[in-house]
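To start, the structure under review is shown below, and the notes come after it.
Along the sequence shown, residues are numbered consecutively beginning with 1.
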Amino acid sequence: MTTEKQTFSDDEALHLHQHPQPGKIALMATKPMATQRDLALAYSPGVAVPVLRIAENPEAAYDYTAKGNMVAVISNGTAILGLGNLGALASKPVMEGKSVLFKRFADIDSFDIEVATQEPNEFITVVKNITGAFGGVNLEDIKSPECFIIEAALQDLADIPVFHDDQHGTAIIASAGLINALEITGKKIEDVKVVLCGAGAAGLSSLSLIKSLGVKHENTTVVDIHGVVYEGRTIDMDQWKAPHATKTSKRTLAEAMVGADVFLGLSAKGVLTPDMVATMADKPIIFAMANPDPEITPEEVASVRSDAIVATGRSDYPNQVNNVLGFPYIFRGALDVRARRVNHEMKLAAAHALAQLAREDVPDEVAAAYQGRHLKFGKDYIIPSPFDPRLIWYIPPFVAQAAMDTGVARKPITDMDAYRKTLEQRLDPSAGFLQSITSAVRSRPSKRIVFAEGEDISVIRAAHAFKLQGLGTPILCGRENLVEENMRAAGIDPKEEGIEIVNARLSHRNAAYSQLLYSRLQREGYLKRDVDRLINLDRNSFAAAMVISGHADGMVTGVTRSFDKSLDDVLRVVDPAPGGRIMGLSIVLAKGRTIFVADTTVAEMPSPEELGDIAIEAAMAVRSMGHTPRVAFMSYSTFGNPTGERSDRVKEAVRLLEERGVDFEFEGEMPPDVALEPAMWANYPFQRLTAPANVLIMPAIQSASISTKMIEALGGATVVGPLLLGLSKPVQICQLSDSVSKILTMATFAAYDIRASAKG
């Protein structure tokens, strides 16, 4: 279950799915196709060689094709999210999204397949006949009870794992949470009384799995839309629901909840009331997992029970039951041992692994994403975060071991420690970077961020998303009537709470702001009336005055005017930080790498001393964002070869930095390939970096700006920023006409406050 509050318009969602090319996935070749020889090896006649090997031994397909790292995500569209039976083709965006999650979290390649039939046997036949092309099958969004029939049949017919995530994903995550909740409350699993509300695929699978953990059948009660599922009931019963019927006189959910220890909800919003919770046993455990809104909110539970442990499917509450904690890592472990199926023992292994991971000490790189919230095993932390980077190497080995122990693994792993290391290397460390920054902002006390260009519709949408994502309080600077008109045009109610509007011309603080600015500029050629005009008419000046006066915590601008003009406006009001260097830092997020590039906005041709200042400021920022800085000074020259005036300037910067005794690794002068590829270091045994550089100090603004913009234009990488560093207050300047997403990112960094984060 991966529920989030909607923080975007329908048009934005459609735009993302359509541009820059339709869909969310694409095929990428893993072999070069540049020459005739490449083509001859990869296709005719070279391809005939592996064809013959596979014909002789079908298992060779794992060695010579992508089968071993390929999962088919298959649906017939009969139960799409919470939208119902909309047909196979309508399910394709969801299936593509599932494929993206496989790649993002476990480096598993995936194809989505939509089968246009609602007849189970026909669906089974289609899938059975294509399983040979894949290492596993993930069934998705298939309605109950057909999903039970289809999965059971395909598990018998296919020789690869077939896994219906809607059933087992939620069951595994909920079981992990229950294991830990019982540990915290001191309750024994064989004694607890459990009520399941919602007898669909996920609910019944969850109940079956916790029974295998030790919950007794006679201590369970199932409630569906017709009431309690009891022995002898005839209405709406089937072969999957009937085994969970119990002997009981209870007929309603309210009756079932009396004295219950555990509530498992996979039903609908609001079905569990505070009055019902009040009748539960001491230290109740409530998993309200209805999508998109829970059966009861944590706030409602807290109003009647302070001793309860609560989990939901939402990301904006603690203890999120999120399927992405399960299926990527279950398939990763299954694929890596070439498992024939995902059996019961492998599911239990995944549940126990998740429970155990939540009890481990939270490392610094995970805790950094939740600054302000103490992450420690307890009632508000019984399930790991979906963005915990340890998941990729922690969970799959448990699954793989269970597959080996139960005899379904075709390729056992002999060195589990080495396997864990390979898993750790598979994770793209850049993938969770922005999530970690967002989580850190969300976990801190709410920041007030002023959006200086508050009349712009893109800015309004970004501010609205900022508020909805719980990142802080947005303040839109502009004329109230125009701001409200554009809010309505963007589909946002101007009366919606949590968004403030300030009119620079009419603010009651103008006199104070003007006096403050006049005290700064009176000896810089400005008359009092000049300063009054700036405060009344220039929103950058007004917004910056709000920040330095403490009426806002940070500022975002730049969407409607150039970077240089915006920076000049801000510098009239905001001082540089003591010892700080005003500069731009761009962040390049590419496969497996997070690279920081400086200075990309301010210093046109920095001196050796200035290059050192840039390196120090960048290292501080990088460390504050959870990375260990390793700085490389860029040049066309490699340690003096060839020589030249500009390379000498970089060499001098390195020498001066050596004298300053900084606390981070640095090296140079060198080109990017030497800085980023350790394989090239054999020729330079004296170089001091212990790992590839992640901070590149460019010799001039031209090279810095051109390189980052070229990378972004070519695709294959995400470029964040440039972030503005070196000011005493958090101000971020967007690029002209930035998208809503980019404006939101810059606002998030303004709320993150890199300099304050560096101080802890």
Are I160 and R340 close enough, and set up right, to give a side chain to side chain contact (heavy atoms under 4.5 Å, CB included), and what steps lead you there? CA-CA 4 Å; I160 58 173; R340 299 182 184 277; over 6 Å; no

With a 4.5 Å cut-off on side-chain heavy atoms, are R359 and E183 touching? yes

Hey, are Y419 and Q401 close enough side-chain-wise for a donor-acceptor pair under 3.5 Å? no

For H168 and E151, test the side chains for any donor-to-acceptor distance below 3.5 angstrom and give the result as yes or no. yes

Could you check whether any side-chain N or O of Q320 sits under 3.5 Å from a backbone N or O of G313, counting only pairs where one atom can act as donor and the other as acceptor? yes

Verify the neighbour count for atom CD of E119: are there more than 12 heavy atoms of other residues, nucleotides or ligands below 6.0 Å? yes

Do the non-hydrogen side-chain atoms of I395 and L325 ever get within less than 4.5 Å of each other? no

Going by distance alone, is a donor N or O of one side chain under 3.5 Å from an acceptor N or O of the other, for N322 and R314? no

Without swapping roles, check the side chain of T246 against the backbone of T248 for a donor-acceptor pair under 3.5 Å. no

Donor-acceptor check, side chain of S110 to backbone of V71, threshold 3.5 angstrom: yes or no? yes

L209 CG to S205 OG distance, which is reported to the nearest 0.5 Å: 8.5 Å

Is the NZ atom of K379 crowded by more than 12 outside heavy atoms at less than 6.0 Å? yes

If you count every heavy atom of other residues, nucleotides or ligands that lies below 6.0 Å from L157 atom CG, does the total exceed 12? yes

Rounded to the nearest 0.5 angstrom, the CG-CD1 distance for D380 and I309 is 8.5 Å

Can you name the nearest heavy-atom pair linking M95 to D141, along with the distance? CE-OD2, 3.6 Å

Does the side chain of V192 come within less than 4.5 Å of V215's, by heavy atoms? yes

Residues at least two apart in sequence or cross-chain that pass side chain to side chain contact (heavy atoms under 4.5 Å, CB included) with S267, listed by chain then number, are C197, V271, E295

What's the spacing between E231 CD and M237 CE if we round to 0.5 Å? 9.0 Å

Residue pair A256 / V223: nearest heavy atoms and the distance that separates them: CB-CG2, 4.3 Å

Indicate whether the side chain of S212 and that of H344 have a donor and an acceptor atom separated by less than 3.5 Å. yes

Please lay out, stage by stage, how W393 and T422 fare under the test side chain to side chain contact (heavy atoms under 4.5 Å, CB included). CA-CA 8 Å; W393 59 261; T422 62; over 6 Å; no

Treating R442 as the side-chain partner and Q469 as the backbone partner, does any N or O pair qualify as donor plus acceptor under 3.5 Å? yes

Rounded to the nearest 0.5 Å, how far does CG of L213 lie from OG of S208? 11.0 Å

Stepwise salt bridge (Lys or Arg N to Asp or Glu O under 4.0 Å) test for R233 and D224: CA-CA 12 Å; R233 197 183 97 168; D224 65 8; 2.6 Å; yes

Can a donor-acceptor pair be found between the side chains of Q167 and D165 at a distance below 3.5 Å? no

Identify whether the distance between the nearest side-chain nitrogen and carboxylate oxygen of D107 and K103 falls below 4.0 Å. yes

Quick one: which of F163, F102, F105 gives a ring pair (Phe, Tyr, Trp, His ring centres under 6.0 Å) with F327? F102

Contacts of K211 meeting salt bridge (Lys or Arg N to Asp or Glu O under 4.0 Å) (sequence neighbours excluded), chain-then-number -> none

Any side-chain donor-acceptor pair under 3.5 Å between T131 and D159? no

When you measure from the side chain of R251 to the backbone N and O of V229, does any donor-acceptor pair fall under 3.5 Å? no

Just do the side chain to side chain donor-acceptor pair (under 3.5 Å) check on T297 and E300 with the steps written out, would you? CA-CA 5 Å; T297 67; E300 290 172 319; 3.3 Å; yes

Salt bridge (Lys or Arg N to Asp or Glu O under 4.0 Å) between K187 and D191, intermediate numbers included: CA-CA 7 Å; K187 296 185 178 185; D191 296 334; over 6 Å; no

Is a side-chain donor-acceptor pair under 3.5 Å present for N219 with E190? no

Say whether, by atom type as modelled, one donor and one acceptor occur between the side chain of D166 and the main chain of E140 under 3.5 angstrom. no

State whether a side-chain donor-acceptor pair under 3.5 Å links S99 with E96. no

Would you call R420 and D415 a salt bridge, taking side-chain N to carboxylate O under 4.0 Å as the test? no

Crowded around K193 NZ? As in, over 12 foreign heavy atoms under 6.0 Å? no

Applying side chain to side chain contact (heavy atoms under 4.5 Å, CB included), run through D336 and L423 and close with a yes or a no. CA-CA 10 Å; D336 290 339; L423 288 171; 3.8 Å; yes

Within a strict 4.5 Å, meaning less than it, do heavy atoms of the T220 and L196 side chains meet? no

For C147 against A201, the heavy-atom pair lying closest together: SG-CB, 3.6 Å

Tell me which pairs pass ring pair (Phe, Tyr, Trp, His ring centres under 6.0 Å) where either residue lies in residues 217-236, with sequence neighbours left out. none

Approximate separation, where rounding is to 0.5 Å, of I382 CD1 and N180 CG: 6.5 Å

Contact check, side chains of F263 and V277, non-hydrogen atoms, under 4.5 Å: no

Between N343 and T406, do the side chains contain an N or O donor and an N or O acceptor separated by less than 3.5 Å? yes

Do L354 and P384 touch side chain to side chain, with heavy atoms closer than 4.5 Å? yes

Measure across S91 and G77 and return the closest heavy-atom pair with its distance rounded to 0.1 Å. CB-CA, 3.9 Å

Measuring from atom CG of D275 to atom CE of M257, what distance do you get when rounded to the nearest 0.5 angstrom? 11.5 Å

Between T78 and N76: side-chain donor-acceptor atoms closer than 3.5 Å: yes

Quick one: does K447's side chain get under 4.5 Å of V441's, heavy atoms only? no

Passes side chain to side chain contact (heavy atoms under 4.5 Å, CB included), V162 versus L139? Steps please. CA-CA 7 Å; V162 177; L139 299 173; 3.8 Å; yes

Closest non-hydrogen atoms of F287 and V321, given as atom of the first, atom of the second and distance, are CD2-CG2, 4.4 Å

If you define the side chain from C-beta out and look only at heavy atoms, does anything of E345 sit under 4.5 Å from L348? no

Is there a salt bridge (Lys or Arg N to Asp or Glu O under 4.0 Å) between K241 and D236 once you walk through the steps? CA-CA 9 Å; K241 196 182 299 182; D236 194 23; 3.5 Å; yes

Taking all non-hydrogen atoms of both residues into account, name the closest pair between L154 and I124 and its distance. CD2-O, 3.6 Å

